[in-house]
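Since the structure comes first, as structure tokens, the remarks are kept for the end.
A quick note: this is a predicted structure, and the numbers were derived from the prediction, not measured. We count ligands from 1, going down the list as the structure has it; atoms in each ligand are counted the same way.
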Amino acid sequence: MSKEKQSEFKPYHHPAGGWGAAGATAKVLMEQSVLVKGSRGLLAMNQPGGFKCPSCAFPDPDHRKTLEFCENGAKALAHEATKARVTREFFEKYTVTELMQKSDYWLEMQGRLTEPMQYDATTDKYVPIAWDDAFAMIGRHLQALESPHQAEFYTSGRTANETAFLYSIFIREFGTNNFPDCSNMCHEPTSRGLPPSIGIGKGTIVMADFEHAEAIFVVGQNTGTNSPRMMTNLVDARKRGVPIILINPMPERALIRFTEPQDVLQMSTFGSTPISSEFVHVRIGGDLAIFKGMMKVLFEAEARGEDVLDTAFIQEHTAGIDALRDDVMGCSWADITRISGVSEEQIRKIGEIYKNSKATIICYGMGLTQHQEGSRLLQQVANILLLRGNFGKPGAGIAPIRGHSNVQGDRTVGIDEKPTQLYLDRVRDAFGFEPPREHGHHVVEALEAMESGTAKVFIGLGGNFIHAVPDTPRSYAAMSKLNLTVGIATKLNRGHLVHGKDALILPVVARSEIIRTEAGEQFITIEDAMANVTASRGVFEPVSEHVLPETEIVCRMAMAALPHSRTPWAQYMVDYTPIRDKIAEVYPEIYADFSEKIKNPHGFHLDIPPRRRVWKTPNGKANFLVLPGLEVDVPVNDTAMLRLATIRSHDQYNTTIYSNNDRYRGVYNTRLVIFMNKEDMAERGLENGAVIGLETYSEDGVRRYVDGLSVIAYPMPRGSIAGYYPELNPLLPLDYFDEISGTPAAKSIPVKVVESVASAPPLKIAG
Ligand SMILES: Nc1nc2c(c(=O)[nH]1)N[C@H]1C(S)=C(S)[C@@H](COP(=O)(O)OP(=O)(O)OC[C@H]3O[C@@H](n4cnc5c(=O)[nH]c(N)nc54)[C@H](O)[C@@H]3O)O[C@H]1N2
Ligand SMILES: Nc1nc2c(c(=O)[nH]1)N[C@H]1C(S)=C(S)[C@@H](COP(=O)(O)OP(=O)(O)OC[C@H]3O[C@@H](n4cnc5c(=O)[nH]c(N)nc54)[C@H](O)[C@@H]3O)O[C@H]1N2
Ligand SMILES: [Mo]
């Protein structure tokens, strides 16, 4: 937290995007001292022959512009291409205990990691280690385990397809399915909830569908910040007069009014496009009630004899409509409006919009997935779409807006703690070893194994596990018990400081940098949120001569841990084409001829069967699945209870903090704030800017508490509050998650306001 700068709340009255975004882009390039280099990088970003933006997973448009990036993509690139370096001299200067006192922002600003480091307990410092010795250490620890299940292998979603595939082969050959991954905290409800419903755990739209949609719903997703390039699609749709319905407890600025930063005319005339035609101010956790209300509008019309359902589609392609109808019709409007916090009139209105649209897209983000019934909530989204046949036709479908740039791809190529038997058979046939058949650990289970002492080794391929997971202090304690922690990373983060007895930091070649091996320059591939696979080729020189490509690190870990392996790791390390050929062998339905198809500069699309109205479910149908009731989180019986959503600011990338500002929400120089309805404040005797503590309702006797939070009067629904992740993760209990997916319910933590004992810098409230 910055000491000198005044923390301030100053509502943002301009349209989002536009000059504000253009200015922020230039500023971040300058701050990282990479104005020239960064600008050159931006020209190559998301262009054929260039590299894929390391930020979000939103696809490239079908008609590319010369510039195809957004403000937040530029920030991600600037921070990756930064001039700042973390060297051995840096590590010589600080003990790990001293580094623990620094903020996440400070750690990030130190720059790129440049050589492999090893923790030295005698001095409490990281000291240099040769790559060979680092791999030998990993091999030694892994071979010393009594069982391969004592190791946890984390993946974050920036990992490329080739790397993730080999990593999953290495770990299965080693003998476990322990694959905790960032997806477990993110779109796992999509991966687990949608297959029983529509036969695939992915979205079903492609970019062109935005051009044919007659209605677009954006639910629980902060598009202008987290997938800004999608704003272009929304702006275009609005210009065509397409209704856009925003369902969110926060009136997110960009979704209300937006100026496209790449639209020169709009910017020069200071114009802006109103985005949402309907803003539905739902209570946190009230979406299920809204969805049931929308379906009730349809079923009521059906009962009146109106032709509102796609009956031909329903008959031919689905099962289970009667049970759904009974469930929905059994919900009263009184309960629906009470639990959603939205009027019957408005729900009827959006129900009518849906009813009148011949092609609808429903987009969603973490506002839907991170609830205790996240997976089954998404099945209700699918139900709504199925009722009007909104699959397998232009302009229609379900659109989970994925997070990390390759998080979807990683799952496709084997990062999965619950792999199918078919996949395991194919791995056996392709590689000639018998992979483990029992399921492995997801994130929460991995932490439990660390806590109980059964896990001994943690390897993190990217990411910042320790600050992404729930229950911060408890997770710190769990990780500190390990014998070995390995962080494979571009930047120094908290995960390297909360470490095991032995610890390694292994620096990598980043997405924007050139991968050179003995066989020449290599490219990698990624799969975006709409299942397009494209090549990515970095354009910058690697940050130092001592960093390695991630794929090489995976191969050399495998060689160290599996000295008798028959897998040709040394070959894969230098030439990525044979890796792609193996991917094709293991996934023939989607990846046949991978090496050929990837020669197309625009990549290729992986088959999504629902687009063809083919349902890979056990009964061969799309299934209407019922989630009884209207609540997605277990109710707490206390009127003092508030539901807390932990969200991202405009200036962060997950645990990476770019600055302490959140421009569109009007917050400057602080992240320790809570957005609250003013009546909830008045009820608790809180003035605007008052400093509070928050405490979680939990039943395990552990007190979960965060202090020193300034309250901001904000248009939140009654009973719903919001604040930033990862600072508020200490409030999120490890056992508070969706049973089906294991995803922590980070959007609905039950908390109460308690007195603050900490001092916090005063928050200036602008008039
Ligand atoms: N710049 C930038 N881009 C990113 C990221 C980043 O951190 N920074 N992260 C990437 C990743 S990994 C991901 S997963 C995505 C995340 O992108 P989002 O899904 O947009 O993530 P969040 O900021 O967590 O918040 C989601 C929204 O959910 C709303 N919300 C909270 N509770 C509820 C609820 O009960 N119902 C409804 N309807 N809405 C609710 C919040 O008000 C907020 O607008 O973005 C990706 N892109
Ligand atoms: N309370 C709460 N908790 C949450 C969430 C929430 O909304 N609320 N969101 C959840 C979600 S959606 C997600 S996806 C997770 C995110 O969890 P993670 O993916 O684990 O976290 P990140 O912050 O994205 O990881 C950042 C680190 O990745 C490393 N890195 C960056 N680029 C590269 C690269 O190219 N290669 C390698 N090897 N390393 C790289 C850098 O060292 C950087 O410090 O957090 C989850 N946790
Ligand atoms: Mo995510």
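Between Arg665 and ligand 1, no N or O atom pair is found at a separation short of 3.5 Å. Taking any N or O of His496, backbone or side chain, none lies under 3.5 Å from an N or O belonging to ligand 2. The shortest N or O to N or O distance between Arg283 and ligand 1 is not under 3.5 Å. Looking at Val469 next to ligand 2, no N or O pair under 3.5 Å apart turns up. Checked by distance only, ligand 2 and Glu108 stay at 3.5 Å or farther apart across all their nitrogen or oxygen atoms. For a threshold of 3.5 Å applied to N or O pairs, the pair formed by Gln652 and ligand 1 contains at least one separation below that value. Between Gly285 and ligand 1, an N or O atom pair is found at a separation short of 3.5 Å. At least one N/O-N/O distance between Ile247 and ligand 1 falls below 3.5 Å. No N or O atom of Gly365 sits closer than 3.5 Å to an N or O atom of ligand 1. Residue His404 has no nitrogen or oxygen atom sitting less than 3.5 Å from a nitrogen or oxygen atom of ligand 1, judged on distance alone. Any N or O atom pair closer than 3.5 Å counts here, and Arg402 shares no such pair with ligand 1. Residue contacts with ligand 2: Glu80 is placed with no nitrogen or oxygen under 3.5 Å of a nitrogen or oxygen of the ligand (distance criterion only).
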(request) Determine, step by step, whether Asp416 and Arg411 satisfy the side-chain contact (heavy atoms from CB on, under 4.5 Å) criterion, reporting the C-alpha distance in whole Å, the side-chain angles of both residues, the deciding distance to 0.1 Å, and the verdict. (result) CA-CA 6 Å; Asp416 189 348; Arg411 299 307 304 254; 3.3 Å; yes
(request) Would you please test Glu108 and Ile657 for side-chain contact (heavy atoms from CB on, under 4.5 Å) and show each step? (result) CA-CA 7 Å; Glu108 168 64 21; Ile657 311 302; 6.0 Å; no
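Geometric assessment of Arg671 against the ring of Tyr724 yields a positive cation-pi assignment under the 6.0 Å and 45° thresholds. In this structure, Arg158 satisfies the cation-pi test against Tyr653, with its NZ or CZ atom closer than 6.0 Å to the six-membered ring centre and inside 45 degrees of the ring normal.
Of all atoms in ligand 1, listed by their number and element, those nearer than 4.0 Å to a heavy atom of Glu252 are 42 (O), 43 (C), 44 (O). Taking every non-hydrogen atom of Asn72 and a distance limit under 4.0 Å, the qualifying atoms of ligand 1 come out as 1 (N). For ligand 1, the atoms closer than 4.0 angstrom to any heavy atom of Thr225 are 1 (N), 2 (C), 3 (N). Close approach of ligand 2 to Gly462 (heavy-atom distance below 4.0 Å) involves ligand atoms 37 (C), 38 (N), 39 (N). If you number the atoms of ligand 2 from 1 as listed, the ones under 4.0 Å from a heavy atom of Ile488 come out as 37 (C), 38 (N), 39 (N). Residue contact check: Met185 has heavy atoms under 4.0 Å from atoms 10 (C), 11 (C), 12 (S), 46 (C) of ligand 2. Ligand-side atoms of ligand 2 in range of Thr655: 22 (P), 23 (O), 26 (C), range being under 4.0 angstrom from any heavy atom. Interface atoms of ligand 1 facing Cys186, defined by a heavy-atom separation under 4.0 Å, are 14 (S). The contact set between ligand 2 and Val508, taken as ligand atoms under 4.0 Å from a residue heavy atom, comprises 36 (N), 37 (C), 38 (N). Residue Lys747 has at least one heavy-atom neighbour below 4.0 Å for each of these atoms of ligand 2: 7 (O). Those atoms of ligand 2 that come under 4.0 Å of a heavy atom in Ala746, given as number and element, are 1 (N), 2 (C), 8 (N). Of all atoms in ligand 2, numbered sequentially from 1 with element shown, those under 4.0 Å from a heavy atom of Ser156 are 18 (P), 19 (O). Of all the atoms in ligand 1, the ones that sit under 4.0 Å from a non-hydrogen atom of His371 are 34 (C), 35 (O).
Both the backbone and the side chain of Asn222 come within contact range of ligand 1, each with a heavy atom under 4.0 Å. Heavy atoms of Met366 found under 4.0 angstrom from ligand 2 belong exclusively to the side chain. Contact annotation: for Asp287 versus ligand 1, heavy atoms closer than 4.0 Å belong to the side chain alone. At a 4.0 Å heavy-atom cut-off, ligand 2 touches Asn493 through the side chain alone. Proximity of His650 to ligand 1, defined as any heavy-atom pair under 4.0 Å, is not found for any part of the residue.
Looking at every heavy atom in both residues, Arg704 comes nearest to Pro730 through CB-O, 3.5 Å.
Looking at Asn226, Thr490, Thr163, Asp181 and measuring to atom 35 (O) of ligand 2, the nearest heavy atom belongs to Thr490. Within the set Glu550, Arg648, Glu188, the minimum heavy-atom distance to atom 38 (N) of ligand 2 is found for Glu550. Comparing heavy-atom distances from atom 25 (O) of ligand 2 across Gly463, Ala645, Pro549, Ala468 singles out Gly463 as nearest. Of the listed options Phe465, Tyr724, Tyr725, Tyr154, Tyr154 places a heavy atom closest to atom 18 (P) of ligand 2.
Checked for salt-bridge contact, Arg112 and Glu513 meet the test: a charged N lies under 4.0 Å from a carboxylate O. A salt bridge links Arg665 with Glu252: at least one charged nitrogen is closer than 4.0 Å to a carboxylate oxygen.
Interatomic distance, Leu246 CG to Gln221 CD, rounded to the nearest 0.5 Å: 10.0 Å.
Scored by the side chain to side chain contact (heavy atoms under 4.5 Å, CB included) test, Ala289 finds Ile336, Ile339, Ser340, Leu630 as partners (sequence neighbours excluded). Remark: Asn661 pairs with Asp651, Ser659, Tyr668, Asn669 by the side chain to side chain contact (heavy atoms under 4.5 Å, CB included) rule, at least two apart or across chains.
Tested against Ser536, the residues Thr525, Asn46, Ile515, Ile524 include a single side chain to side chain contact (heavy atoms under 4.5 Å, CB included) partner, Ile524.
Relative orientation of the Phe279 and His281 rings is tilted, given thresholds of 30° and 60° on the angle between their planes.
In summary, the aromatic rings of Tyr576 and Phe523 are positioned with their centroids too far apart to meet the 6.0 Å limit. The aromatic ring centres of Phe179 and Phe153 sit 6.0 Å or more apart. Here the two rings, on Tyr154 and His442, have centers that are 6.0 Å apart or farther.
Residues His467 and Thr472 bring no donor and acceptor atom of their side chains to less than 3.5 Å of each other.
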